[in-house]
Amino acid sequence: MLRRRQDQLVNDRLESRASKETVNPRPAEARLEAQRLSGHVLVDGRLCDALSPERFEVENPADETIIGQAPRCRAQDVERAVQAAGRAFPVWSAIPARERGDRIRRAADRLEAEGERLARLLCLETGNALATQARPEIAGMLEHLRLFAGLASELKGSTLPWAGDALSYTTREPIGVVGAIIPWNAPLFLTAAKLGPALVAGNTVVLKSAEQAPLAALRAVEIMQEFLPPGAANVISGYGEEAGKPLAEHPLVRKVSFTGSGAVGKMILRYAADKICPVTLELGGKGPNIVLPDADLDLVVPGIIQGMRFTRQGQSCSAGSRLFLHAEIYEDVMDRLAGALARLRIGDPMDEATEVGALISREQFDRVYRYVEIARGTPGTRIRCGGGRPAALPKGYFFEPTLIEGMPHESPVCQEEIFGPVATVFAWRDFDEVMRLANEVDYGLSAALWTRDLERALRFAQRIQAGFVQVNQFITPRAGLPYGGWKSSGLGKECSLESMLEHFTQSKTVIINRGSPRPETPPRH
Ligand code: NAI
Ligand code: MG
């Protein structure tokens, strides 16, 4: 509820700005913008043609129309973008950190002024509902850019009390060219979560956008150009093997920051191994959401919907997709939940009244459907609600919010990331047993528990194997809260000071001998 209220505030702010600063951008404008961006990459400070003549189509998942094309970049485009970032590195890194922060802050202000248009472009290419998802994602992008802008003066080292006759200290320095590879599920938030800390720390970047949603990220980085030297932030598009792999492998790329599937995350680690290059991985999740019988059910039901990211069609690595309801409240919660899900408005993502949009692609739709089919074919299971395409929406990749009951926990449906609006639900009685099940997956990203019992809450927080743990709420990552997974969910943290210091800088230890032949020996007086 709180999130909804916050989102509403942000929406109101964006709306009022939009009405002041733009001429009420309509869906047609988003399509024109998609056309303008079509066929371009962003290298050396400007939109330009790719070297590769091949392109792929960008689809609006809500109506299956083609809204534009993006270059199918390969090694030569990677080479050109990385060289541009390499040339920009000495220029950008020489700018004092606080000025870099200031430039990112001003870029965020400009992005905010363009926020409504960007939100509509994002909505058009991702199928995420404008009101519940695309606008709040703009807010998340701004929040993260401003966080890192403000942290610029934290790029500091320490002095080390090593010896009386030596001055010893550490510095934090940028790494060089960063390769950032992002998926389609939150292109603008992820662009900010990677470019924000990378740039403020003094690195330059080549971002490879997701093939399903390349346009909004391209536009956002285009808007930022006014505040950056040419080449500091470049964007290329293309497929993983053809553009992502040569980017991650490029010898000039000294840091790779990746968000996406576990399978590709492992490949990124292998590419980086050959050149001993640090890697941040934000991979999938299969978050447990545990409800105790004493929880406030008025909070729990909207909390489950938010935690499952149903208004984002469940396409979130932090989704609470395994729901563990205590047997005493099981039926009550399921009734309320099924009722609330039935009331969610699914449809045209541009419509202000729509709460749930479309899945990103036919491929994802089919993938989600396959998991539901496994559940249908498993004896003893029941699809409590949803299970496929809403009858009223024959076109577009719409999928009803779906609850599956009675599935064995070891089934792939309960173990693998579905990345769709599908939650599996379990009844439990024993706390130790539910904690065991909660941890019995390869993933370890997000987790939540609902109770009024402080002792239980603390025991849960202590025993859960996950990187992002919440009690009596299940929100998405927020600026300032370190976010990252345990186990197969990834390596490293994002969204926080640590993410900038640990993942986008390298430290140097300096010892200056002040003239003593053996400075480490105590001075004689
Ligand atoms: P993916 O991991 O294949 O793609 C993510 C990004 O990596 C894209 O930009 C893609 O072009 C790039 N990529 C793919 N192969 C690559 C390679 N060999 N080298 C370098 N870059 C490469 O994810 P995809 O196919 O979009 O989604 C599949 C599943 O992955 C989803 O169903 C979901 O379970 C999971 N996923 C998790 C995300 C998260 O937020 N952690 C985001 C997106 C997907
Ligand atoms: Mg893939």
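Heavy atoms only: backbone and side chains are in, while hydrogens, waters and symmetry mates are out. Counting starts at 1 for both ligands and their atoms, in listed order.
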Starting from [atom], what is the nearest protein heavy atom, named by residue and atom, and what distance separates them?
atom                    : value
atom 21 (N) of ligand 1 : G244 CA, 3.6 Å
atom 43 (C) of ligand 1 : P183 CB, 3.4 Å
atom 34 (O) of ligand 1 : E417 OE1, 2.7 Å
atom 26 (O) of ligand 1 : W184 NE1, 2.7 Å
atom 13 (N) of ligand 1 : G240 CA, 3.3 Å
atom 1 (P) of ligand 1  : S261 OG, 3.6 Å
atom 25 (O) of ligand 1 : Q212 NE2, 4.9 Å

Within a distance under 4.0 Å of any heavy atom of [X], pick out the atoms of ligand 1 and give their elements.
X    : answer
I182 : 6 (C), 8 (C), 9 (O)
R367 : 32 (O), 34 (O)
A210 : 9 (O)
F258 : 2 (O), 6 (C), 7 (O)
K208 : 9 (O), 10 (C), 11 (O)
E241 : 18 (N)
M267 : 18 (N)
C317 : 39 (C), 40 (O), 41 (N)

Problem set entry | Rounded distance (nearest 0.5 Å) linking atom CZ of F258 with atom CD1 of I181 |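 Output value for this atom pair is 6.5 Å.
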Problem set entry | Value rounded to 0.5 Å, distance of OG1 in T424 from CZ in F426 |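 If we round to the nearest 0.5 Å, T424:OG1 and F426:CZ are 3.5 Å apart.
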Could you tell me whether [X] approaches ligand 1 through its side chain, its backbone, both or neither, with non-hydrogen atoms closer than 4.0 Å?
X    : value
L283 : backbone
S209 : backbone
E211 : side chain

Exercise. Can you tell me if N203 uses its side chain to pair, donor with acceptor, with the backbone of F504 under 3.5 Å?
Worked result: yes
Exercise. Counting distance only, does the side-chain N/O of E355 pair as donor-acceptor with the main-chain N or O of R345 below 3.5 Å?
Worked result: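 The answer is yes, because a donor-acceptor pair under 3.5 Å joins these two groups.
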Problem set entry | Heavy atom of protein closer than 4.0 angstrom to atom 4 (O) of ligand 1 |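 Protein heavy atom within 4.0 Å of atom 4 (O) of ligand 1: absent.
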Exercise. In this structure, which one of W184, F365, Y371 forms a ring pair (Phe, Tyr, Trp, His ring centres under 6.0 Å) with F419?
Worked result: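 That would be W184.
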Problem set entry | Partner of L47 by side chain to side chain contact (heavy atoms under 4.5 Å, CB included), out of L218, V235, V221, V41 |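 Answer to the side chain to side chain contact (heavy atoms under 4.5 Å, CB included) test with L47 among L218, V235, V221, V41: L218.
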Exercise. Does ligand 1 have any atom that is closer than 4.0 Å to a heavy atom of Q364?
Worked result: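 Yes; Q364 lies near enough to ligand 1 that a heavy-atom distance drops under 4.0 Å.
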For this session: Please confirm whether I268 comes under 4.0 Å of ligand 1, counting heavy atoms of the residue only.
Result: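 It does, in that a heavy atom of I268 comes within the 4.0 Å cut-off of ligand 1.
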For this session: Between G260, A180, G284, flag the one that comes closest to atom 37 (C) of ligand 1 by a heavy atom.
Result: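 That would be G260.
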Problem set entry | From Y443, F419, Y239, Y271 - option closest to atom 17 (C) of ligand 1 by heavy atom | Y271
When you check the side-chain N and O atoms of [X] and [Y], is any donor under 3.5 Å from an acceptor?
X    : Y    : answer
Y443 : Q415 : no
Q83  : E79  : yes
Y397 : E363 : no

Exercise. Are any of the N/O atoms in I181 less than 3.5 Å from those in ligand 1?
Worked result: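 No - when backbone and side-chain N and O of I181 are compared with those of ligand 1, no distance drops under 3.5 Å.
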Exercise. Could you go step by step and tell me if E116 and R135 meet the side-chain contact (heavy atoms from CB on, under 4.5 Å) rule?
Worked result: CA-CA 7 Å; E116 183 61 18; R135 281 195 197 112; 2.8 Å; yes
Exercise. Passes salt bridge (Lys or Arg N to Asp or Glu O under 4.0 Å), E416 versus K286? Steps please.
Worked result: CA-CA 7 Å; E416 293 170 13; K286 194 74 182 176; over 6 Å; no
Exercise. Counting only heavy atoms not in D366, do more than 12 sit closer than 6.0 Å to its CG atom?
Worked result: yes
For this session: Quick one: closest heavy-atom pair of S316 and R309, and the distance?
Result: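 Heavy atoms only, the tightest pair is CB-CG, 3.5 Å.
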Problem set entry | Residue pair P288 / I464: nearest heavy atoms and the distance that separates them |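 Smallest heavy-atom distance, with atoms named: CG-CD1, 4.0 Å.
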